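Throughout, protein chains are lettered first and strands after them, A, B, ... in sequence-line order, and every chain is numbered starting at 1. Source: prediction; values computed, not measured.
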Amino acid sequence: KAGVTQTPRYLIKTRGQQVTLSCSPISGHRSVSWYQQTPGQGLQFLFEYFSETQRNKGNFPGRFSGRQFSNSRSEMNVSTLELGDSALYLCASSPPQGNTEAFFGQGTRLTVV
Amino acid sequence: AQSVTQLGSHVSVSEGALVLLRCNYSSSVPPYLFWYVQYPNQGLQLLLKYTSAATLVKGINGFEAEFKKSETSFHLTKPSAHMSDAAEYFCAVSPFGAAGNKLTFGGGTRVLVKP
């Protein structure tokens, strides 16, 4: 069974630009969550999508948004990039049952210059 | 709101020695608890999870953790460290009975294994 796939693995963007990251979950998983990992703030929950609907949301500004498609693939978008958005963005998918483990992808390393 | 505290951001152990990583949680009801490991430039891999069944949980790679409600703790141990255990370890909680999958992570503990 293929794992969670995130693309691209690395990305360099300029301040003010926008970026879209992609996540393909494990087959059969309908829940996709996104996390931001930085040295200063650690791992922080961004949002979760289930059946194309946002089910949970973290405390991030509106510049961070996401969506999920009918095949459960998810994208997250960050608009008007700031230097502080430089981070490893991790996507995780979970089986249909709630509160089970999350399976993480390898992440997308975003650098804002 | 739930929170997780990992005592010690860095731990150094000798190969063959006991590994003990501490995790305490704050929650009005016992949550689901997880330990994840992260190797450099990788995502997170689940080591083990507690979901209100047995309080002593065995995971992969020889790790285990014990849930102690009275101490609100979920410490991770491994009897004998191996060089391949050098990584960063994260404790995480998820609200019991809540819809969805939302993990709150501790700050992480980086483990260095000395030969």
Bottom line for A:Q44: the part with an atom under 4.5 Å from chain B's heavy atoms is neither
Honestly, the part of A:L43 sitting under 4.5 Å from a heavy atom of chain B is both
Counting heavy-atom pairs under 4.5 Å with chain B, the top scorer among A:A92, A:A102, A:S33, A:G58 is A:A102
Between B:E88 and the options B:Q38, B:H10, B:Q42, B:R110, the side chain to side chain donor-acceptor pair (under 3.5 Å) test singles out B:R110
So NE2 of B:H75 and CZ of B:R22: to nearest 0.5 Å the spacing works out to 5.0 Å
(Q) Using the ring centroid of each side chain, check whether B:F63 and B:Y89 are separated by less than 6.0 Å. (A) yes
Of A:R109, A:Q6, A:Q37, the largest count of non-hydrogen pairs under 4.5 angstrom with chain B goes to A:Q37
Max heavy-atom pairs within cutoff under 4.5 Å with chain B, candidates A:F103, A:F45, A:F50, A:F47, goes to A:F45
Honestly, the part of A:Y35 sitting under 4.5 Å from a heavy atom of chain B is side chain
Applying a strict 4.5 Å limit to non-hydrogen atoms, the region of B:L103 in contact with chain A is both
When hydrophobic residues are tied together by side-chain contacts of less than 4.5 Å, even through go-betweens, does B:V111 share a cluster with B:Y36? no
### Message
For a quick check under 3.5 Å, do A:N77 and A:T20 share a side-chain donor-acceptor pair by atom type?
### Response
yes
*May I ask you to check whether A:R63 and A:S79 show a side-chain donor-acceptor distance below 3.5 Å?*
no
